[in-house]
Amino acid sequence: MRPAPIYLDHAATTPARAEVLEAMLPWFTTKFGNPSSSHRLGREARAAYDEARERIAACLGAHADEIVFTSGGTESDNLAILGPWSVRRAAGRDAVVTVPTEHKAVLEVAHHVAQAGGTERLVPVDAAGRVRMELLDAALDDRVAVCAVMWINNETGVIQDVPAITALAKARGALVHTDAVQAFGKLPIDVRTLPIDTLALSGHKIGGPKGIGALFLRRGTPYAPLFHGGAQDRGRRPGTENVACAIGLAVAAERTLAEREQEWTRLEALRDTLQRAILARVPDAVIHSGDAARAPHILNLSVPGTDSESLLLALDLAGVCASGGSACQSGSVGASHVLAAMGVPRDLAAGALRLSLGSLTTDADVARVADVFPTLVEKARRLAGAGAF
Ligand SMILES: *Cc1c(COP(=O)(O)O)cnc(C)c1O
């Protein structure tokens, strides 16, 4: 029998937990009602949907009416920036400030804002990928509608100082958004003590289903919906409610939080073992954001003389699933925009490999990858040298 693949791509997606699936199933079959229907099936679905919203709110320290269900992290980022921007631009605040290491769901929204007649400001990051606070300070004038900085970077794992960024940007009258898709379940998040305005979550990064996410939208935040056509979610995001997935998201969020500290410690030990083993066997490997505060589940490295495609092919042949930069980038050519913004030289960035750990990762997985890594690098160097790509 072929052994199961070793999955080191948890930053791209995670398997749904068994409890999540189990909680969701009846809402596709016997309990299929539309929450907007007034009959018993509708009322039952409405009650379950509202309860899921309350449970997610509780995970963040938010009020239930501050949670908007969306189709995922990408949509939450879009709504969080464009919803407030489209209101505030009329009052002369037409700029969106962000950093070049953001997920495309933020970066391309900022580009869109510029194309739609607003202003986009990208604040440079340091060599580890952290926003340069003195430059952020300079970018935050009275034209800024929204400042968006991702909490944990999905390619490098680097942690931004979101509390400090929030304090600075709020003092300048900007609204503050954070993409917390990778941070939820890793860092403690409590919107009662962190005065952030909006925050994005995604189900499939935390053991929930794909196609569901949440937007925390603080009470009183100026906001215009992007979609029209219904009063669902108080008109902030119309469309028939995805009851099953909302419940799945609530269960995934609660379970993830319950294991947060223990999982951090476990993954950090695994990541450190893997990093040490790789550096011992391939001493010229370069760890990205290695000296910065990093989340424990992401290890991003480059091996000189290889390229990402060759490494990934060699890993895949050995039964290891990993990625170059972000999943979204794997299909496209060109080095990571995140590493480029950190000033990583092009040839090194072209060899980047992201190993991301999570619920499936075991000691045995890490030991196996460490064992095969030198051979894989040799193979990848031959492939790269032969110009296979
Ligand atoms: C995966 C991811 C997203 C996109 O979330 P989807 O639910 O897949 O749309 C956004 N931001 C970060 C940091 C991510 O890792």
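Whatever order the structure lists ligands and atoms in, that order sets their numbers, starting from 1. For the numbers below, each heavy atom of this structure counts, side chains included, while hydrogens, waters and symmetry mates do not.
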Among all residues two or more places apart in sequence or in another chain, which pass the salt bridge (Lys or Arg N to Asp or Glu O under 4.0 Å) test with Arg17?
-> Glu19, Glu259
Short side-chain donor-acceptor distance under 3.5 Å, Thr362 and Asp365 = yes
Carboxylate-amine/guanidinium proximity below 4.0 Å for Asp272 and Arg276 = no
Which heavy atom in Thr198 sits nearest to a heavy atom in His177, and how many Å separate them?
-> OG1-ND1, 2.9 Å
Sequence neighbours excluded, the answer for side-chain hydrogen bond (donor to acceptor under 3.5 Å, both in side chains) partners of Asp141 is Arg121
Show the distances, to 0.1 Å, for all pairs joining an N/O atom of ligand 1 and a protein N/O atom that are shorter than 3.5 Å, listing one pair per line.
residue: ligand 1; atom: 5 (O); partner: Gly73; partner atom: N; Å: 3.4
residue: ligand 1; atom: 7 (O); partner: Gly73; partner atom: N; Å: 2.8
residue: ligand 1; atom: 7 (O); partner: Ser202; partner atom: OG; Å: 2.7
residue: ligand 1; atom: 7 (O); partner: His204; partner atom: NE2; Å: 3.4
residue: ligand 1; atom: 8 (O); partner: His204; partner atom: NE2; Å: 2.8
residue: ligand 1; atom: 9 (O); partner: Gly73; partner atom: N; Å: 3.4
residue: ligand 1; atom: 9 (O); partner: Thr74; partner atom: N; Å: 2.9
residue: ligand 1; atom: 9 (O); partner: Thr74; partner atom: OG1; Å: 2.7
residue: ligand 1; atom: 11 (N); partner: Asp179; partner atom: OD1; Å: 3.4
residue: ligand 1; atom: 11 (N); partner: Asp179; partner atom: OD2; Å: 2.6
residue: ligand 1; atom: 15 (O); partner: Gln182; partner atom: NE2; Å: 2.7
residue: ligand 1; atom: 15 (O); partner: Lys205; partner atom: NZ; Å: 2.7

Go through the structure and list residues passing side-chain contact (heavy atoms from CB on, under 4.5 Å) with Thr265, not counting sequence neighbours.
-> none
